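Keep in mind the model is a prediction, meaning the values are calculated, not measured. Below, each value reflects all heavy atoms present in this structure, side chains not excepted, and no hydrogens, waters or symmetry copies.
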Amino acid sequence: RLALWLHLLSHRLSDLLVDKVIAVSDKAREAFIIRQGIAPGKIETVYNGVDLEEVQAQPVDKNSIKAEWGIPADSPVLGVVGRLSPEKGQKIFIMAAREIIKDYPQTRFMLIGDGPERRNLEKLIEEAGLKEKFVLTGFIKDSILLLEIIDVVVQPSFEAGESFGLTAVEAMSKAKAVIASDIGCFKEIISDSRDGLLFSAGDHLALADKIRLLLRDPGLRNTLGLE
C-alpha cells in the first residue's frame, strides 16, 4: 500500500513540477496522461527524427556484408532490429518465417540485437528447423549498416514494446520496405499499403501473408520503400 501511495504521489508531483513534457508519439502522449497523470495541456508530441546524412551514407558492398554473415548473394533478407525480449515480437517473426520458407526456401532471416529472450528464440528457431536460415547477430553498435542488406524490415512489436518505432523510420529513410504490427506508434508512422504494410499484432499468419506479398512482387517492395 505504501508503494502504491508513493507511486501516485510521484505522478502528482510530476504534474506540479513540470511546465512541459515532450512525448515522442501520440501513443506516448496518451501514456503520460493515463499512467503519469500529466495534464494534457502540458504535453507536446515531437516525433523522433533521423540524421539523413548519417543514415544515407556512401554506398556499401552489399554482397560483401552478406558474405560476412554467411548469406548467399541472391537470397532475399528479412530482418528485425531491436532488443530480444517478448514484447518486441521476435517469436511472431520466427513463426512467420516457418511459413515463408515453404514457398521461398532461399529467404534468409536476421535478428539484429541482443537481450534476455535470445536462448528461447534460438531454441524456437532450432525446433522449427530454421537454424540454417537465421542469423542472430547479437549486439551491433552500427545496426544501420546492416539495414543495407535487408530487403524487408519487420517490426512485430506488441503495444508494450514501442513508444515510437525509430527503426521503422530509419529503414524508411533508406528506402526499405517496412512491415509492422498495427499498434499505435506504427500507425502514426506508416500509412498501410502506401509507404509500408501493417498486420494484426501477434498474428504470425497475417505477417506471413504480408511477407509473401513483398517477396513475390519486388516492384511493390521498391515502391513502398520509395514512398
Query - Nearest heavy atoms of I183 and F158, plus distance in Å - result: CD1-O, 3.5 Å

Query raised in the report: Would you say the side chain of Q155 lies within less than 4.5 Å of the side chain of I179, judging by non-hydrogen atoms?
Result: no

Query raised in the report: What are the two closest heavy atoms between P86 and E117, and how far apart are they?
Result: CG-OE1, 3.7 Å

Requested in this report: Report yes or no: does T107 contribute a side-chain atom to a donor-acceptor pair with the main-chain N or O of Y104 at less than 3.5 Å?
Outcome: yes

Query raised in the report: So how far is it from L111 CG to I125 CD1, rounded to the nearest 0.5 Å?
Result: 5.5 Å

**Report entry** Over all atoms of both residues, closest heavy-atom pair of L224 and G196
**Finding:** CD2-N, 3.6 Å

Query raised in the report: Heavy atoms, side chains only, cut-off 4.5 Å: are I112 and V80 in contact?
Result: no

Query - Spacing of CG belonging to L220 relative to CG belonging to L215, to within rounding of 0.5 Å - result: 11.0 Å

Query raised in the report: Relative to the ring of F134, is the ring of F93 parallel (under 30°), tilted (30 to 60°) or perpendicular (over 60°)?
Result: perpendicular

Query raised in the report: Distance only, no hydrogens: is a donor on one side chain within 3.5 Å (strictly under) of an acceptor on the other, for S64 and D61?
Result: yes

**Report entry** Ion pair D182/K187, N-O distance below 4.0 Å
**Finding:** no

Query raised in the report: Going through the checks in order, is the salt bridge (charged side-chain N to carboxylate O under 4.0 Å, His left out) test met by E170 and K174?
Result: CA-CA 6 Å; E170 290 174 338; K174 294 183 76 65; over 6 Å; no

Requested in this report: Say whether L84 and F139 are linked into one hydrophobic cluster, either directly or through other cluster members, by side-chain heavy-atom distances under 4.5 angstrom.
Outcome: no

Query - From NE2 (H204) to CD1 (I211), nearest 0.5 Å - result: 11.0 Å

Query raised in the report: Can you check whether S75's main-chain N or O pairs, donor with acceptor, with K66's side chain at less than 3.5 Å?
Result: yes

**Report entry** Side-chain heavy-atom pair I92, D203 within 4.5 angstrom cut-off
**Finding:** no

Query raised in the report: Just wondering, more than 12 heavy atoms not from K20 lying within 6.0 Å of its NZ?
Result: yes

Query raised in the report: Do M110 and T137 have side chains that get closer than 4.5 Å, going by heavy atoms?
Result: yes

Query raised in the report: Can you list the steps and then say if R98 with L130 is a side chain to side chain contact (heavy atoms under 4.5 Å, CB included)?
Result: CA-CA 7 Å; R98 187 174 54 193; L130 297 172; 4.3 Å; yes

Query raised in the report: Is a donor on one side and an acceptor on the other found under 3.5 Å between the side chain of K88 and the backbone of V81?
Result: no

**Report entry** Contact check, side chains of F109 and V154, non-hydrogen atoms, under 4.5 Å
**Finding:** no

Query raised in the report: Going by heavy atoms in the side chains, are D151 and L78 under 4.5 Å from each other?
Result: no

Requested in this report: Grab the two heavy atoms, one from M172 and one from D195, that are nearest each other, plus how far apart they are.
Outcome: CE-O, 3.8 Å

Report summary line: Only residue of I190, L207, L213 satisfying side-chain contact (heavy atoms from CB on, under 4.5 Å) with L197 is L213

Report task. Sequence neighbours left out, what passes side-chain hydrogen bond (donor to acceptor under 3.5 Å, both in side chains) with R221? Give chain and number order. Result -> none

Query - hydrophobic_cluster_shared for V60 and L146, side chain cutoff 4.5 Å - result: yes

Query raised in the report: Hey, any chance L205 and F199 share a hydrophobic cluster, counting ILVMFWY side chains that come within less than 4.5 Å of each other, even indirectly?
Result: no

Query raised in the report: Quick check: does any side chain N or O of K176 sit under 3.5 Å from a backbone N or O of E148, one acting as donor and the other as acceptor?
Result: yes

Query - Residues E87 and S85: side-chain donor-acceptor under 3.5 angstrom - result: yes

Query raised in the report: Of the non-hydrogen atoms in E132 and R108, which two are nearest, and what is the gap between them?
Result: O-NE, 3.8 Å

Query raised in the report: If you round to the nearest 0.5 Å, how far is CD1 of I65 from CD1 of I149?
Result: 6.0 Å

Requested in this report: Verify, without hydrogens or angle tests, whether R216 (side chain) and L214 (backbone) share a donor-acceptor contact under 3.5 angstrom.
Outcome: no

Query raised in the report: Would you say the side chain of V135 lies within less than 4.5 Å of the side chain of I71, judging by non-hydrogen atoms?
Result: yes

Query raised in the report: Does the side chain to side chain contact (heavy atoms under 4.5 Å, CB included) test come out yes or no for E99 and R212, once each step is laid out?
Result: CA-CA 10 Å; E99 302 299 319; R212 286 192 195 95; 3.6 Å; yes

Query raised in the report: Roughly how far, to the nearest 0.5 Å, is CD of Q90 from CZ of R83?
Result: 10.0 Å

Report summary line: Closest non-hydrogen contact found for L198 with S181 is CD2-O, 3.8 Å

